[in-house]
Amino acid sequence: MVIDMHAPSHRRNALPFLLTFLLAAFALGCSNPPPANDAAPWHEPRAEGDAPEVVLTSHYVAMQDGVQLAVDVYRPAGLAPDSRLPTLVQQTRYWRAADMRPPISWLGESHGEQIEAFVAAGWAVVSADIRGTGASYGTRPYPWARDEIRDGGDLAAWVVAQSWSDGRLATDGISYSGTAAEFLATQAPEGLAAASPRFSLFDAFLDIAFPGGVQLANFAVAWPAFNQALDANRLPADLGWLAGMLVRGVRPVEARVPLEVFRQHEANGDLVALMAQGLYRDQVFPDGNTSAGVSPIGHRASLRASGLPLYSWSGWFDGAYSRSAIQRHVSLGKPGSRLILGPWGHAGEISGSPTSPGPTSFDAQQELLRFFDHHVRGLATGIETQPPVLYYTMVEDRWKGAESWPPAARREAWHLGEGRVLRRERVSAGAGSDEYRVDFDARTGTGSRWDALLEPQVLDYPDRGGEDEKLLTYTAAPLDAALEVTGHPVVELFIASTAEDGAFFAYLEDVAPDGRVTLVTEGVLRGLHRQVGLGDDTSIPGIPARSYAEADARPLAPGRVAELRFDLLPVSYLFRTGHSIRLALAGADADHFARIPAEGEPVWTVFRNAAHPSRLILPVPTHEALAPGPR
């Protein structure tokens, strides 16, 4: 059951599908799993109390081209007429709120954890349906088109002009809403003092549409179908009949949403389908825009010029968005900006640490308030004395701090050796190689980082031992001392294929003494895009940079050795004493990625000799991490 897709952080108000899940769990006699051990040790315990009384008003707000957006305003009850408040601005394409049927609507409305936390702290919260979605008028050719980006500035101008506004703004959001927040930061409207893009893309091509240059095929089908249903004021069918019994549709601004709103939505276009027509990052859309134009990475000059501090959030199992958050933080480098990387899947709801799985214990609202209260209201919250980078080491289950990313580390090479082993010693002679026929039934399961993009409450990697039988694996001897890996692992492979192209997957795995195999992280590269040395001012230190541009594409020459050098998604993980490091290589992930090539069964020859020393490079920290709390 899909719960939401990239829903805003107050999703229980916007799309209360979680209620459906809870009712089903109750009917089955299920109990909730224990929370993960990811609570922030630097947070003060929050006092328990009743939810604050919230005053909600809804409005249609005209943009400069006349399109009207549906906007909700949440404020504390009981304010004096002359009270002025700082405002948190959010924009969503997943309904700013749902219209609940009786008897749920008679029970009173929970406005969601984030809204209630911010209102209780003396903030107003403004939530808007972006144009062409929810109860807003308009159409959109694709996500983050030019008009949609401009709307954010118009909305901010409307907020600061209100009698209840003190003129100070912050913006945040999760996934789609996080990207909308970052685009608002590119405009630096009057009053905006800080932004927090959370679990969101930085580069639409590389982070979600084509990771490593390979199309994320399951997302390309499921996400547009979900959005089309919402834009027609319907719940997606896979949410089930109970959700339909509880939810009428999007919450109206007045008595009902005019039918003209949904007629206008019928003309909406789709970015995923548009990008699927090309293979390259520099593809030009029919209107002259590009994937960079719909990505914050293409607006980085404006982000730098704004001077706004950004707080970037992601998790080790958040699709490819951990890399997005890092690239944003590293390439923008603004004073006051922060980066946090938890053990989480998408939206930060679930921990994927194998020794501490379950619903998160991390108090996201307290962390956001610490950041925004400091930068918007000028308060001393302790965040100003904390290391700017916070990250969670899995298995050790410990938060750590650093001054920058990646933390200082040595590059420890593990070489592919005879007998499918990994070893620290480099091959000195010989002509060793291994042959592998690509198994296109290789999979990573339906609870992976990629599934979490569509269903944030699900994150479950099963034992990889059986799946590894379909792959080409290299396993090290059991470790005689624990080994922490923090940063971006890199593989350097020398491969000859019988095909002109291919998808090359690499999995870093942990083999326990009892044989259980745990996935640590993964990477993928399309052979066509193997050329490196094409980085720009957004490149992350220590990992291969490439353009993914059409002019730099290089088909493989069948039978000829090619070097494939690419990074795995970043991670912080502790391999325990007695456990073994494994590198598993595959040519497919049938659950998630497009098949390359579309036909045939390529055979690889993986070389592991003195002339072609294929290897795995692990970043191993060289000094003790900083304490994560205030200093």
Rounded distance [0.5 Å steps], [atom1] in [X] versus [atom2] in [Y]:
| X | Y | atom1 | atom2 | result |
| --- | --- | --- | --- | --- |
| Leu556 | Asp501 | CG | CG | 6.0 Å |
| Phe505 | His592 | CZ | NE2 | 10.0 Å |
| Phe575 | Ile581 | CZ | CD1 | 5.0 Å |
| Gln327 | Ile297 | CD | CD1 | 4.0 Å |
| Phe205 | Phe210 | CZ | CZ | 5.5 Å |
| Leu471 | Asp439 | CG | CG | 7.5 Å |

What closest approach, in Å, do [X] and [Y] show between heavy atoms, and which atom pair accounts for it?
| X | Y | value |
| --- | --- | --- |
| Ala204 | Ser295 | N-OG, 2.8 Å |
| Val214 | Ala503 | CG2-CB, 3.9 Å |
| Ser580 | Thr475 | CB-CG2, 4.0 Å |
| Ser322 | Leu341 | O-CD2, 4.2 Å |
| Val490 | Pro544 | CG2-CD, 4.1 Å |
| Asp460 | Pro462 | O-CD, 3.5 Å |

Please tell me if the side chains of [X] and [Y] come closer than 4.5 Å, counting only heavy atoms from C-beta onward.
| X | Y | value |
| --- | --- | --- |
| Ser200 | Thr179 | yes |
| Thr360 | Ser351 | no |
| Leu574 | Arg398 | no |
| Leu422 | Arg582 | no |
| Val458 | Asp451 | no |
| Leu493 | Trp604 | no |
| His346 | Leu454 | no |
| Phe202 | Arg323 | no |

Between [X] (side chain only) and [Y] (backbone N and O only), is there a donor and an acceptor less than 3.5 Å apart?
| X | Y | value |
| --- | --- | --- |
| Tyr461 | Arg449 | yes |
| Ser614 | Arg608 | no |
| Asp282 | Glu550 | yes |
| Thr498 | Pro558 | no |
| Asp589 | Arg443 | no |
| Ser433 | Thr605 | no |
| Asp510 | Thr518 | no |
| Gln386 | Pro628 | yes |

Does the side chain of [X] come under 3.5 Å of the side chain of [Y] through a donor N or O and an acceptor N or O?
| X | Y | result |
| --- | --- | --- |
| Thr355 | Asp397 | yes |
| Trp42 | Glu367 | yes |
| Asp207 | Ser324 | yes |

- Message: Classify the ring geometry of Trp344 against Trp399: parallel below 30°, tilted from 30° to 60°, perpendicular beyond 60°.
- Response: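 Rings of Trp344 and Trp399: tilted, 30 to 60°.
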- When the ring planes of Phe607 and His612 are compared, do they come out parallel, tilted or perpendicular, using 30° and 60° as the limits? tilted
- Task: Establish, for the pair Arg338 and Phe371, whether the NZ or CZ atom is under 6.0 angstrom from the six-membered ring centre and no further than 45 degrees off its axis.
- Result: no
- Who pairs with Arg595 by salt bridge (charged side-chain N to carboxylate O under 4.0 Å, His left out), at least two apart in sequence or on another chain? none
- Query: Quick one: do Glu624 and Lys400 make a salt bridge, cutoff under 4.0 Å?
  - Reply: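 Salt bridge: no.
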- Apply salt bridge (charged side-chain N to carboxylate O under 4.0 Å, His left out) to the pair Asp552 and Arg546, showing each step before the final yes or no. CA-CA 9 Å; Asp552 297 322; Arg546 42 181 49 88; over 6 Å; no
- Begin with the C-alpha distance, continue with both residues' side-chain angles, and end with the deciding distance and a verdict on ring pair (Phe, Tyr, Trp, His ring centres under 6.0 Å) for Tyr474 and Trp414. CA-CA 10 Å; Tyr474 297 86; Trp414 293 75; over 10 Å; no
- Task: List the steps and the verdict of side-chain contact (heavy atoms from CB on, under 4.5 Å) for Tyr391 and Ile326.
- Result: CA-CA 11 Å; Tyr391 63 95; Ile326 289 167; over 6 Å; no
- Query: Take atom CZ in Arg411; do more than 12 heavy atoms of anything else shown fall under 6.0 Å from it?
  - Reply: no
- Task: Would you please test Tyr573 and Trp316 for ring pair (Phe, Tyr, Trp, His ring centres under 6.0 Å) and show each step?
- Result: CA-CA 10 Å; Tyr573 186 94; Trp316 303 132; over 10 Å; no
- Task: Report the C-alpha separation of Arg554 and Glu563 in whole Å, then their side-chain angles, then the decisive distance to 0.1 Å, and conclude whether the salt bridge (charged side-chain N to carboxylate O under 4.0 Å, His left out) test is met.
- Result: CA-CA 12 Å; Arg554 299 289 184 273; Glu563 183 178 5; over 6 Å; no
- Message: Would Phe317 and Ile350 count as a side-chain contact (heavy atoms from CB on, under 4.5 Å) here? Give the steps.
- Response: CA-CA 9 Å; Phe317 297 100; Ile350 298 291; over 6 Å; no
- Just do the ring pair (Phe, Tyr, Trp, His ring centres under 6.0 Å) check on His43 and Phe362 with the steps written out, would you? CA-CA 9 Å; His43 283 167; Phe362 189 85; 5.3 Å; yes
- Let me see the working for Thr444 and Tyr507 under side-chain contact (heavy atoms from CB on, under 4.5 Å), right down to the final yes or no. CA-CA 10 Å; Thr444 53; Tyr507 302 101; 3.5 Å; yes
- Message: Among Thr473, Leu508, Leu618, Val491, exactly one meets side chain to side chain contact (heavy atoms under 4.5 Å, CB included) together with Leu583. Which residue is that?
- Response: Val491
- Query: Passes side-chain contact (heavy atoms from CB on, under 4.5 Å), Asp591 versus Ser448? Steps please.
  - Reply: CA-CA 9 Å; Asp591 288 322; Ser448 76; over 6 Å; no
